[in-house]
Engineer: 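Shown below is the structure under consideration.
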Amino acid sequence: MITEIAFAGTPVTNIKRAREFYEGVLGFKPSMESAGGMWVEYEIGSSTFGIGCYGEMWKPSEQGTCVAFEADNFEAEIARLKLHGVKFSMEPMPTPLCHFAIICDPDGNRILIHKRRSK
């Protein structure tokens, strides 16, 4: 029986460029590196997110699985990402349960920036 999500990861084609995005733009702090620096993990809340550069074995896709990162201040985060010139594939959108927008990393992987509404 599955009991939890151990971690989420996304493939990248250029680890240096990806780290500049995830660390420099999104502000993530690396918690672990392996595979000669081709796998990097970030602790986000109680979860782990990783990026990996493994060539033909694991390729990025704009049609692949999407991870949602919760923002403490949605509007400020969206403004900060736009200031950094991040590509948006879906502009911010409110729903009855949340606000979200979809951005792309340098490889075209889609990422949700998300904020739950208060109950």
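By convention here, the first residue in the shown sequence is residue 1.
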Engineer: Rounded to the nearest 0.5 Å, what separates atom CD in Glu41 from atom CD1 in Ile51?
Structural biologist: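 Glu41 atom CD to Ile51 atom CD1 measures 10.5 Å (nearest 0.5 Å).
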Engineer: For residues Leu81 and Leu26, determine if any side-chain heavy atom of one lies less than 4.5 Å from a side-chain heavy atom of the other.
Structural biologist: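 Side chain of Leu81 against side chain of Leu26, heavy atoms only: contact under 4.5 Å found.
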Engineer: How close do Ala71 and Lys115 get, heavy atom to heavy atom, and via which atoms?
Structural biologist: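 Shortest heavy-atom contact: O-CD, 2.9 Å.
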Engineer: Is there a continuous path of hydrophobic side-chain contacts, each under 4.5 Å between heavy atoms, that joins Val12 to Phe7?
Structural biologist: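 Result: no, two separate clusters.
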Engineer: Please name the pair of heavy atoms, one in Ala6 and one in Thr48, separated by the smallest distance, quoted to 0.1 Å.
Structural biologist: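 Answer, listing the atom of Ala6 first, then Thr48: O-CB, 4.4 Å.
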Engineer: If every non-hydrogen atom of Cys104 is compared with every non-hydrogen atom of Val86, which pair is closest and at what distance?
Structural biologist: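 Nearest pair, atom of Cys104 first, then Val86: O-CG1, 4.1 Å.
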Engineer: Got a sec, which residues hit side chain to side chain contact (heavy atoms under 4.5 Å, CB included) with Lys16, two or more places apart in sequence or on another chain?
Structural biologist: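 Result, side chain to side chain contact (heavy atoms under 4.5 Å, CB included) vs Lys16: Asn14, Glu20.
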Engineer: Following the transitive rule for hydrophobic clusters with a side-chain heavy-atom cut-off under 4.5 Å over Ile, Leu, Val, Met, Phe, Trp and Tyr, establish whether Phe88 and Met90 coincide in one cluster.
Structural biologist: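 Phe88 does not cluster with Met90.
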Engineer: Can you see which heavy atom on Gly24 is nearest to which on His84, and at what distance?
Structural biologist: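 Smallest interatomic distance, heavy atoms only, reads O-CE1, 4.3 Å.
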Engineer: Heavy-atom count around Lys82 NZ within 6.0 Å, excluding the residue itself: above 12?
Structural biologist: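 Yes, the 6.0 Å shell around NZ holds more than 12 heavy atoms from other groups.
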Engineer: Can you list the residues that meet the side chain to side chain contact (heavy atoms under 4.5 Å, CB included) rule with Pro94, with sequence neighbours excluded?
Structural biologist: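 Residues passing side chain to side chain contact (heavy atoms under 4.5 Å, CB included) with Pro94: His99, Arg117.
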Engineer: For the backbone of Arg116 and the side chain of Glu70, can you confirm whether one donor and one acceptor N or O come within less than 3.5 Å of each other?
Structural biologist: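 A pair under 3.5 Å: yes.
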Engineer: Enter the distance from Lys87:NZ to Ile103:CD1 here, rounded to the nearest 0.5 Å.
Structural biologist: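 Between atom NZ of Lys87 and atom CD1 of Ile103 there are 11.5 Å.
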Engineer: Out of curiosity, Leu83 CG to Ile78 CD1, how far, rounded to the nearest 0.5 Å?
Structural biologist: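 So the CG of Leu83 and the CD1 of Ile78 are separated by 12.5 Å.
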Engineer: Any idea which heavy atoms bring Val40 and Glu33 closest together, and the distance?
Structural biologist: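 Closest pair (atom of Val40, atom of Glu33, distance): CG2-CG, 4.1 Å.
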Engineer: With a 4.5 Å limit on heavy-atom distance, are the side chains of Tyr22 and Ile111 in contact?
Structural biologist: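 A side-chain contact under 4.5 Å exists here.
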Engineer: Do any N or O atoms from the side chain of Asp105 and from the backbone of Asp107 form a donor-acceptor pair under 3.5 angstrom?
Structural biologist: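 Flag set: sc Asp105 to bb Asp107 pair under 3.5 Å.
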Engineer: Which heavy atom of Phe49 sits nearest a heavy atom of Val67, and at what distance?
Structural biologist: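 Result for this residue pair: CE1-CG1, 4.0 Å.
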Engineer: Can you confirm if the aromatic rings of Phe69 and Tyr42 lie within a centre distance of less than 6.0 Å?
Structural biologist: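 Between Phe69 and Tyr42, which both carry aromatic rings, the centre distance is not below 6.0 Å.
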Engineer: With the side chain counted from C-beta on, respond yes when Pro30 and Arg19 share a heavy-atom pair under 4.5 Å apart, and no when they do not.
Structural biologist: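 Yes - at least one pair of side-chain heavy atoms lies under 4.5 Å apart.
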Engineer: Ignoring hydrogens and angles, tell me if any N or O in the side chain of Arg110 forms a donor-acceptor pair with the backbone of Ser61 under 3.5 Å.
Structural biologist: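 Side chain of Arg110 to backbone of Ser61, a donor-acceptor pair under 3.5 Å: no, none is there.
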Engineer: Between atom CZ of Phe74 and atom NE2 of His114, what is the distance when rounded to the nearest 0.5 Å?
Structural biologist: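 The NE2 atom of His114 is 9.0 Å from CZ of Phe74, to the nearest 0.5 Å.
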